[in-house]
Amino acid sequence: MAHWLVKSEPDAFSWAQQVANGVEPWTGVRNHMAKNNLKAMRLGDRAFFYHSNVGKEIVGIVEVVREAYPDPTAESGDWVSVDMKAIGPLPRPVTLAELKTDPRFAELALIRQSRLSVMPVSDLHWQLIARLGGWKA
DNA sequence: GCCAACGTTGGC
DNA sequence: GCCAACGTTGGC
């Protein structure tokens with residue numbers, strides 16, 4: 001089962017809203033690499049939910065409950081969405097600053113490609129971050 | 001097909 | 001508010 005990280009600016013769509021809504025369509029991705037990552041997501045895959053700009057930290061975990069379908073917010077049919085369900089908050093959010101200081105995360109896409117909004121996370125990185133966040137899986 | 005100009009993202 | 005990174009657009 002693959003793991004991912006998705007970014008959202010909390011001013012636009014926050015973790016609190018994700019939790020309140022339960023299941024939420026992940027729309028608005030307009031970058032081809034990010035789109036390819038969305039298309040590679042499978043039912044049951046989990047993703048870290050990251051707050052960009054405000055907070056700059058991983059705050060929770062979501063799960064893919066519907067695989068890629070045409071993004072309803074896209075004018076052309078070229079983009080895709082998936083549906084995400086809130087699974088739970090990290091007991092202790094893991095900040096970008098923290099990840100940057102730890103050499104084990106040097107290869108993490110969040111650090112290497114700061115502008116990518118949907119990215120894969122290796123199993124090792126997933127476990128390390130979940131542990132840092134106090135996640136009991 | 002190259003590349004300069006420009007727009008956007010996102011960290012600081 | 002600034003700027004680096006980087007994707008996109010458009011002239012040639």
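All chains are named by letter (A, B, ...) in the order of the sequence lines, taking the proteins before the strands, and each is independently numbered beginning at 1.
- A ring pair (Phe, Tyr, Trp, His ring centres under 6.0 Å) check over residues 63-86 of chain A, counting only residues at least two apart or in different chains, returns the pairs A:His32-A:Trp79.
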Stepwise side chain to side chain contact (heavy atoms under 4.5 Å, CB included) check, A:Val62 with A:Trp15: CA-CA 10 Å; A:Val62 290; A:Trp15 170 250; 3.7 Å; yes

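- Not a single donor-acceptor pair under 3.5 Å links the side chain of A:Lys7 to the backbone N or O of A:Leu110.
- Using a cut-off of 4.0 Å between Lys/Arg side-chain N and Asp/Glu carboxylate O, A:Asp71 and A:Arg30 are scored as salt-bridged.
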Write down the protein N/O and nucleotide N/O pairs, taken from nucleotides 8-12 of chain B, whose separation is under 3.5 Å; answer none if there are no such pairs.
unit_1, atom_1, unit_2, atom_2, d
B:dT8, O2, A:Arg115, NH1, 3.4
B:dT8, O2, A:Arg115, NH2, 3.1
B:dG11, OP1, A:Tyr50, OH, 2.9
B:dG11, OP2, A:Asn53, N, 2.9
B:dC12, OP1, A:Lys100, NZ, 2.6

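- In this structure, A:Ile61 CD1 and A:Arg46 CZ are separated by 6.5 Å, a value rounded to the nearest 0.5 Å.
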